[in-house]
Amino acid sequence: MSIEVKVPTLGESVSEATIAKWFKNVGDAIRADEPLVELETDKVTVEVNAPSAGTLTEIAAAVGAVVEVGALLGVIGAAGAAAKAAPAVAPAPVVAAPAVAAAPAVMPSAKKIAADTGVDTAAVAGTGKDGRVTKGDVLAAAAAPAPAAAAPKPAAPSGPRAKADLEERVKMTRLRKRIAERLKEAQNTAAMLTTFNEVDMTALFDLRNQYKDQFEKRHGTKLGFMSFFVKASVAALKDWPAVNAEIDGEDLVYKKYYDIGVAVGTPQGLVVPVLRGADALSFAGVEQGIAALGKKARDGKLSMEDLTGGTFTISNGGVYGSLMSTPILNTPQSGILGMHKVQQRPMVMPDGSIKARPMMYLALSYDHRIIDGREAVSFLVRLKECIEDPQRILLEM
């Protein structure tokens with residue numbers, strides 16, 4: 001008896017994926033629940049396991065093929081069953097489209113006016129129900145001045161690239177394309193602005209050095225800086241709720257929960273898994289949660305649930321040596337905190353003396369449509385206070 005292996009449900013709003021890798025070849029023996037094929041969506045990478053033991057008798061979709069939910073991936077037959085040759089190349093995606101672009105639906109009254117005025121309804125954007133072209137649409141098009149002739153575009157360079165032999169051309173992955181789309185969407189839709197501050201890390205260094213060994217022994221995880229920045233961010237978000245809000249149409253949605261996204265760099269690209277209920281977690285809970293999400297990200301095991309629903313994001317470019325940057329919003333969120341490299345710098349103390357202190361630049365990029373400058377600056381000041389005097393976090397002061 002043959003068993004078909006199909007594309008599973010990939011998550012809300014995800015309808016298709018690309019075949020990234022086959023772990024088995026046609027004719028290979030398969031164990032039940034063994035990873036069979038890896039699918040790449042625009043959000044996560046998903047492994048599809050074998051539903052039963054047997055022999056892989058057919059691969060229906062080769063690496064690179066775009067497949068929809070429910071599509072056939074392969075067939076598992078009984079042990080030793082005859083195998084069918086796998087496709088040599090990825091089949092072209094099937095696109096159900098007519099040979100000629102369909103004309104937009106036109107209301108009868110609009111059709112008559114279009115014939116009288118010579119308006120081409122195919123070039124008119126319909127505002128009626130289901131995009132139908134209305135009488136008003138045709139009249140507006142007839143009254144509009146004729147567009148000026150577009151200047152001819154310079155001819156694209158033809159022929160081979162001059163140094164093609166020194167270049168490598170690689171097709172963008174679905175994840176990379178989605179990252180590019182989301183970043184450009186954030187720039188196009190939000191009134192994005194960045195404000196900066198700096199924080200003296202001396203107190204945090206001293207506290208961490210004093211307790212890091214005991215902390216790891218008691219909780220089984222290292223005491224890093226991220227738990228302090230997550231808890232300090234939550235404290236600042238509670239004081240300045242607009243930074244934890246988002247715009248939904250004509251409404252402002254103020255969130256009274258704190259699901260913090262933590263940006264993680266992976267070989268496949270940047271992902272932002274979400275630490276749920278950060279306000280209710282202990283420092284150990286935050287460190288354990290971040291470590292678990294980071295491991296899942298690096299192993300390609302993040303689920304759709306891990307990546308959706310965050311209210312605020314923290315990105316630590318300092319781990320790569322960045323001294324200062326302007327992070328881009330993770331829409332629809334309205335704020336993102338950028339952490340940076342800790343560097344010794346001479347600072348003037350309250351008594352006028354100059355001392356070398358471990359300093360970090362902080363950047364808050366925010367959507368100016370919902371967050372005013374006063375709120376953005378005050379958010380960073382509150383966060384700075386919590387990091388420079390960590391007891392404030394514990395005492396909620």
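Remember, it's a predicted structure, so these values are computed and weren't measured experimentally.
- Each of Leu72, Ile76, Leu73 was scored for a side chain to side chain contact (heavy atoms under 4.5 Å, CB included) with Glu4, with one residue passing: Leu72.
- When only modelled atom types and interatomic distance are considered, Asn244 and Thr311 share a side-chain donor-acceptor pair under 3.5 Å.
- A side-chain N or O of Glu287 and one of Ser227 form a donor-acceptor pair less than 3.5 Å apart.
- The closest side-chain heavy-atom distance from Glu246 to Lys255 is below 4.5 Å.
- Checking Ile260, Ile314, Thr221, Leu275 one by one against Ile290, the side chain to side chain contact (heavy atoms under 4.5 Å, CB included) holds for a single residue, Leu275.
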Ring pair (Phe, Tyr, Trp, His ring centres under 6.0 Å) between Phe312 and Tyr366: does it pass, once the steps are laid out?
-> CA-CA 10 Å; Phe312 181 77; Tyr366 60 97; over 10 Å; no
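- Here Asp213 contributes atom CG and Arg208 contributes atom CZ; the two are 9.5 Å apart, rounded to the nearest 0.5 Å.
- Under the salt bridge (Lys or Arg N to Asp or Glu O under 4.0 Å) rule, Glu198 has a single partner from Lys341, Lys384, Arg345, which is Arg345.
- More than 12 heavy atoms of other residues, nucleotides or ligands lie within 6.0 Å of CZ in Arg369, so this atom counts as buried by the packing criterion.
- The distance from atom CE of Met360 to atom CG of Asn197, rounded to the nearest 0.5 Å, is 12.5 Å.
- A cation-pi arrangement is not found for Lys222 relative to Phe215, the charged atom failing to lie both closer than 6.0 Å to the ring centre and inside a 45° cone about the ring normal.
- Asp259 contributes a side-chain N or O that, together with a main-chain N or O of Gly277, makes up a donor-acceptor pair within less than 3.5 Å.
- For the atom pair CZ (Phe196) and OG1 (Thr326), the distance works out to 6.0 Å, reported to the nearest 0.5 Å.
- Within 6.0 Å of atom CZ in Phe205, more than 12 heavy atoms from other residues, nucleotides or ligands are found, so the atom counts as buried in its surroundings.
- In Glu396, the CD atom is not crowded: 12 or fewer heavy atoms of neighbouring residues, nucleotides or ligands sit closer than 6.0 Å.
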